[in-house]
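These notes are about the structure you will find just below.
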There are 4 protein chains.
Amino acid sequence: MIIVMDHQANDAHIEAVVARLARAGFQIHLSQGVERTIIGAIGDKTQLKNISLEAIPGVEKVVPVLQPYKLASRAFHEEGTLIRVGGLKIGGDTIHVIAGPCAVESRNQLLEAAKIVKEAGATMLRGGAFKPRTSPYSFQGLEEEGLKLLAEAREATGLLIVTEVMDVRTLPMVAEYADILQIGARNMQNYFLLREVARVDKPVLLKRAPSATFEEWLMAAEYIMAGGNYKVILCERGIRSYENYTRNTLDLSAIPVIKHLSHLPVLVDPSHATGKWRFVPAMAKAAIAAGADGLLIEVHPNPPEALCDGPQSLNPDNFSSLMVDLKQLAPALGRKLS
Amino acid sequence: MIIVMDHQANDAHIEAVVARLARAGFQIHLSQGVERTIIGAIGDKTQLKNISLEAIPGVEKVVPVLQPYKLASRAFHEEGTLIRVGGLKIGGDTIHVIAGPCAVESRNQLLEAAKIVKEAGATMLRGGAFKPRTSPYSFQGLEEEGLKLLAEAREATGLLIVTEVMDVRTLPMVAEYADILQIGARNMQNYFLLREVARVDKPVLLKRAPSATFEEWLMAAEYIMAGGNYKVILCERGIRSYENYTRNTLDLSAIPVIKHLSHLPVLVDPSHATGKWRFVPAMAKAAIAAGADGLLIEVHPNPPEALCDGPQSLNPDNFSSLMVDLKQLAPALGRKLS
Amino acid sequence: MIIVMDHQANDAHIEAVVARLARAGFQIHLSQGVERTIIGAIGDKTQLKNISLEAIPGVEKVVPVLQPYKLASRAFHEEGTLIRVGGLKIGGDTIHVIAGPCAVESRNQLLEAAKIVKEAGATMLRGGAFKPRTSPYSFQGLEEEGLKLLAEAREATGLLIVTEVMDVRTLPMVAEYADILQIGARNMQNYFLLREVARVDKPVLLKRAPSATFEEWLMAAEYIMAGGNYKVILCERGIRSYENYTRNTLDLSAIPVIKHLSHLPVLVDPSHATGKWRFVPAMAKAAIAAGADGLLIEVHPNPPEALCDGPQSLNPDNFSSLMVDLKQLAPALGRKLS
Amino acid sequence: MIIVMDHQANDAHIEAVVARLARAGFQIHLSQGVERTIIGAIGDKTQLKNISLEAIPGVEKVVPVLQPYKLASRAFHEEGTLIRVGGLKIGGDTIHVIAGPCAVESRNQLLEAAKIVKEAGATMLRGGAFKPRTSPYSFQGLEEEGLKLLAEAREATGLLIVTEVMDVRTLPMVAEYADILQIGARNMQNYFLLREVARVDKPVLLKRAPSATFEEWLMAAEYIMAGGNYKVILCERGIRSYENYTRNTLDLSAIPVIKHLSHLPVLVDPSHATGKWRFVPAMAKAAIAAGADGLLIEVHPNPPEALCDGPQSLNPDNFSSLMVDLKQLAPALGRKLS
């Protein structure tokens, strides 16, 4: 921790900072330059969370030396983490594709979608039973009935099930059916929910919130890991920028950046990122070329009839065609498609 | 609803759109120009939520004519809404200042803070008993003990209590103590929580999420209103921009914009917006000049010792001085400070 | 300058950094902690601009201690700068309003606009003779004819003239007519233009670019000051954010922040910021309450007929009404309207 | 053009809009719904640029039907444009890599860099002779001496030269030496410069400004094309977002989006986008997988000694290694590396 004093800071200001740090048990290194005084503080950083140095007069800024996450950091675990679920491994050479509709709408729709994505090569089925819709007047999901249909689709196809949990009260029910629990972008900083999924023995797919920094995203992962669940899979799904021709701005640099800062696997959701099916295949290929561990793609048997996110859903033909492309692409990157 | 077809759309594409709209019960107006075909659809817009026209080939874009919120719109209620709570009215000529610490830390700290803000002229006390902290290692709040201290402070000073509710499970407990329930910025789109506060007979202070558009913010208000609770108070607290010298970018245009689009009262939180106490007074005055119905300001008896948000908290002197300025400013704007 | 090494940095990495700094003439302070090595470098910071420490293996980040601007900094000049032009002083207690149309369109339009804004209390007239339009097919300005009309309007009303210079080739011509040279937001980092206005003995009104940080803005001012022209007036005109209901997001925190970091005066342009005339008065009042030294406001005799920016232009009645409000507001803030 | 009236618009308001449109020569379609009146206007859109409908009372919004660019649009030229320069074709199956240092620093540095990138497989050499630096105290380029060195490097290696033009006065000189003229991100909306490069018979590499929308970027291309130069190559180089761990946020969706909206070729500059050499290879591969027509990559013989952008420059080994990867990747995408 480095404290930079402002150009008008006097001795009393400096002493106040030094005294406060000493009281919190830090060792102090004082460097009085011509233009600025700089104070280095060495010690137990967790102490620093509970003091507000920038509120002391004369302090210009406080610069942290270490990142605030530990368990999620690459320093904690030099090797990339491999997450095992239902016989699959996420985070290694194999690229996994999780595909399916935005929402479970009906038995027919879901079973058809499951069959389509299975045949094209996906290993997991996505589909929402509880839907976080911007409008209270939109379709809100089939709830437990939807979960049961997901389980039926798993039975029929062997696909693992990835579905979103939105509420602590329904978490036990969702956890009963899901293979992987999804935390949606809007819940990335719903700390009560994070604490609860930390207690469940299932992998958690943690989407990046639309305005989360890499650090905030890793801090959300840290909440889950600090609570005891180390099986966190990150998923980049586009961030909010000024450009609104696309629904969000897919930040593919998230892949090499997270691989550098953390040991956790990273997936990419090009469907929510672009919001338009037309741009999904190019972004899916780019994600793989950038090193993503897998993809989350919306596929609907008949997108114009979708109750949710039709504009960004691939139809069966487009999805199959993308999977053919990915199969060709993976080996050129030293990877394989499962 | 207006559908603009792309320049390559053919008759079959156009017919597919027309047929889909007709099936959903819409009246159609077709306008075939030289460069583009445009389709106007008149009818029950709520139907449209459940079809995905942009997924039909040949559709370039779908332009909504009406905003998606109803109950929150100015068209629904031409007069500004006045929210009555504990003898106060929020939304009229009187400006209310809600002040207090970020978190309830101890009995002494809270009672002292309450006394300070009461004397300076605040009418409500803020203070968090449950704290949504970015780090799992930071102070997370005193929970029910904190709520009890808030009630004690109300007893001692007559200030009304505004405190955040973060979890559906603790909502009944928080509602028992609070006069106004705060929904924090990170929970603005926590729809399960919104649905539950919609059932409570208390005003809800709904903060704008750091990357929410005006429309998304009003849709969150709509969730609460559609659930039966019309007492929604909006609060601008800064949005996320590329500029990070300030913690967030305070979007004061939110005030005249929301007053134009909606009938709900709007408060401003300059503390979270700037993140630095030094800039809070200027932004507080600007908020009032822009027409805000009140302010939410962090005040701590001793900011350097604050367990949370010390850098953005005013100390007692700075807060008193700001209140003096506001008392002088209000009449020049045809308002009064309560 | 503080260099933070990464957790895998070895002795050779550290020595490489130390050697490079020593070669550039810096004194070194080495602090080897348990988790990180930190290197402090004291010396002539301008040297550092020409080395790329972050390219040395093992370097995690380089944290500057001082801001990169000098002449524009508050430390260079503790008192606020007062800019004198044609008998007026910008930067003191008096608030100046610069008003007029986006573009000079015709003799009638301009003289009428000048008369209107003069009568309402403005002290300067704005109007573009060269227009930076997004479309090559839009009206591009009357050029020298426009400048002559501005001079005629000055003659007729006594208002000083503020007009934009866009091109080094026409700078001498613009400088002949203008009292204050405006650098538009899109040219804030047009360094060749900045270097040339630095050589002219006229005040420069420097608009913030739509995605410039405070630091980049002050660095643009530094270019002009380093070139010899200290008469720089800053102007906040809204930044680009994800919210597009307003044309830009007016960042009023720019006022107290720039007053803290710099000694230069700051104006606010609420017209370009909001893009909608309806929201201009509230934002103009907020700017003054936040401490702005003045306003730049678009006023057109007949906005629906404006060749440029009609939607954000006040008509004569709305402008007069705003000026009445500002006259009432200023004394409550200890200021006066000229 | 569709005009949506607000819910309080009366007959007089509607008539005012209709009259204004009729006067400008438009055909009118009036649709009076229960909640809103909508006015469709058919005619010469360029007329609309010079009227300000949103300034007429009762108008809520004006929705354009067509994009504002013509020559740059895919509708104008269905086939992708192939730009020929010095025997190369940009925009077809072949991927071109333009590499070299940020700035020309010395004869040795440049010739060495040219040799390195040539051997690794680049077909063009980049290097700035005029440098747009944020600080007036940083190295500003070797100017004409730098251009001469670029010409010498071309002579020595056969690489074509891409270099930035920043000023209308030095454009003739730059055009004499360069094979492709680069317009930097900060000059994307420097319309006087755009008009001048429009008159030069050389391809123009037009970088996206850090906060430009796709539409604004294409409008900048339109300026050049409307001026007579159809040889425009677009280059995505990262946009400004709230995330600042990377220098910018690389928006790879720009590739499929621009390919959809326009016929112009698109390159990607992963160096400026990420700002950190470590992340450049992943983003370079992703760009190619997303369909980019080529790459612009900063390579320096010795990055820690670079006078400019060292932290984002690849060293010779990393560049060679990336080129090997790209050669393997291209065929899997049905492309080839030149």
Side-chain angles (χ1 to χ4, degrees), chain A residues 67 208-218 236 238-261 268 270 273-292 325-335, chain D residues 67 208-218 236 238-261 268 270 273-292 325-335:
Chain A
Q67 68 280 16
R208 182 183 187 181
S211 65
T213 60
F214 297 132
E215 188 173 298
E216 289 165 340
W217 191 14
L218 289 171
E236 161 68 28
I239 62 174
R240 183 150 266 185
S241 79
Y242 66 85
E243 176 63 77
N244 61 15
Y245 181 82
T246 45
R247 187 174 178 179
N248 292 285
T249 294
L250 184 61
D251 181 6
L252 287 180
S253 71
I255 303 163
V257 168
I258 292 293
K259 295 271 171 202
H260 176 61
L261 298 176
V268 169
T274 59
K276 300 186 175 176
W277 64 267
R278 183 189 304 279
F279 306 126
V280 169
M283 290 299 98
K285 286 182 264 184
I288 294 309
D325 287 356
L326 292 177
K327 264 163 215 154
Q328 194 173 333
L329 182 60
L333 296 156
R335 314 282 301 278
Chain D
Q67 69 279 17
R208 184 183 186 181
S211 65
T213 60
F214 298 131
E215 188 172 299
E216 290 164 341
W217 191 14
L218 289 171
E236 161 69 27
I239 61 174
R240 184 149 264 185
S241 80
Y242 66 85
E243 176 62 76
N244 60 17
Y245 181 82
T246 45
R247 184 173 181 180
N248 293 285
T249 294
L250 184 61
D251 181 6
L252 286 180
S253 71
I255 303 164
V257 168
I258 292 292
K259 296 268 171 205
H260 177 61
L261 299 175
V268 169
T274 58
K276 300 186 177 177
W277 64 267
R278 184 188 305 278
F279 306 127
V280 169
M283 290 299 97
K285 286 183 263 184
I288 294 308
D325 286 358
L326 293 176
K327 265 164 215 151
Q328 192 173 335
L329 181 61
L333 295 156
R335 314 282 300 278

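Just so we're on the same page: letters track the sequence lines, and every chain starts at 1. Keep in mind it's a predicted model, so treat the numbers as computed, not measured.
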Against chain D, label A:Pro270 side chain, backbone, both or neither, depending on which of its atoms sit under 4.5 Å from a heavy atom there. neither

Region of D:Leu250 in contact with chain A, defined by heavy-atom distances below 4.5 Å: backbone

Could you tell me which of A:Thr246, A:Leu252, A:Asn244 has the largest number of non-hydrogen atom pairs under 4.5 Å with chain D? A:Leu252

If you tally heavy-atom pairs under 4.5 Å against chain D, which of A:Val257, A:Thr274, A:Leu333 wins? A:Val257

Among A:Lys259, A:Arg278, A:Met283, A:Glu243, residue most engaged with chain D (heavy-atom pairs, under 4.5 Å): A:Glu243

Which atoms of D:Ile255 are under 4.5 Å from chain A, going by heavy atoms: the side chain, the backbone, both sets, or neither? neither

Which bit of A:Leu261 comes within less than 4.5 Å of chain D, counting heavy atoms only: side chain, backbone, both or neither? side chain

Which of D:Ser253, D:Gly238, D:Ser241 touches chain A most, by non-hydrogen pairs under 4.5 Å: D:Ser253

To the closest 0.5 Å, what do you measure between OH (A:Tyr242) and CD1 (D:Ile239)? 4.0 Å

Answer key: most heavy-atom pairs under 4.5 Å with chain D among A:Ala212, A:Ala330, A:Ala273 is A:Ala212

Return the option, out of D:His260, D:Arg240, D:Glu216, D:Lys285, with the maximum number of heavy-atom pairs under 4.5 Å with chain A. D:His260

Tell me, out of D:Ala286, D:Pro331, D:Ala292, D:Ala287, who's got the most heavy-atom pairs with chain A below 4.5 Å. D:Ala286

